[in-house]
Amino acid sequence: MPIHVKIPTLMLKMTGQKSEIAVRARTVRGMVDAMDKKYPGVKDLMLSPDGTINHHFLICINDEDVRFLDGLDSSLGSGDRVEIVASIAGG
């Protein structure tokens with residue numbers, strides 16, 4: 001069964017206006033890679049040059065922030081719901 005990923009408004013242009021997509025992955029890192037294969041540029045946007053999650057993004061698995069799990073190595077299971085939240089700042 002696929003992992004369902006909720007896409008933030010900031011990324012809708014990249015996903016062809018799809019607000020939710022499904023990918024097959026065992027970890028968050030695998031999810032990002034799978035998303036990047038379907039929607040090139042996602043990985044560059046979501047990850048910092050050092051390979052960590054960009055501080056402008058929050059990734060939650062079943063409402064739990066992956067920063068409090070195993071980060072990009074957090075496990076994903078069949079039917080998990082992942083939400084990507086983009087922080088927006090202004091002045």
Report yes if the side chains of Leu58 and Arg67 come closer than 4.5 Å at any heavy-atom pair, otherwise no. yes
Please identify each residue that fulfils side chain to side chain donor-acceptor pair (under 3.5 Å) with Asp50, with sequence neighbours left out. Thr52
Glu83 vs Ile59, side chain to side chain contact (heavy atoms under 4.5 Å, CB included): CA-CA, chis, key distance, verdict: CA-CA 6 Å; Glu83 184 169 1; Ile59 302 174; over 6 Å; no
Less than 4.5 Å apart, side chain to side chain, heavy atoms only: is that true for Ser74 and Ile61? yes
Shared hydrophobic cluster for Leu47 and Leu45 (ILVMFWY, side-chain gaps under 4.5 Å): yes
One should read off an interatomic distance between Arg24 CZ and Ser78 OG, to the nearest 0.5 angstrom, of 8.0 Å
Among Asp36, Ile84, Leu72, exactly one meets side-chain contact (heavy atoms from CB on, under 4.5 Å) together with Met46. Which residue is that? Ile84
Can you see which heavy atom on His55 is nearest to which on Ser87, and at what distance? O-OG, 4.1 Å
Between Asp44 (side chain only) and Gly41 (backbone N and O only), is there a donor and an acceptor less than 3.5 Å apart? no
Hydrophobic clustering (ILVMFWY, side-chain heavy atoms < 4.5 Å, transitive) - are Met35 and Phe57 grouped together? yes
List the atom pairs, with distances to 0.1 Å, where a side-chain N or O of residues 5-16 and a protein N or O form a donor-acceptor pair under 3.5 Å, not counting sequence neighbours.
unit_1 : atom_1 : unit_2 : atom_2 : d
Thr15  : OG1    : Leu12  : O      : 3.3
Thr15  : OG1    : Lys18  : N      : 3.4
Thr15  : OG1    : Lys18  : O      : 2.8

So if I apply the side-chain contact (heavy atoms from CB on, under 4.5 Å) rule between Leu76 and each of Thr27, Asn62, Val82, Val23, which one comes out positive? Val82
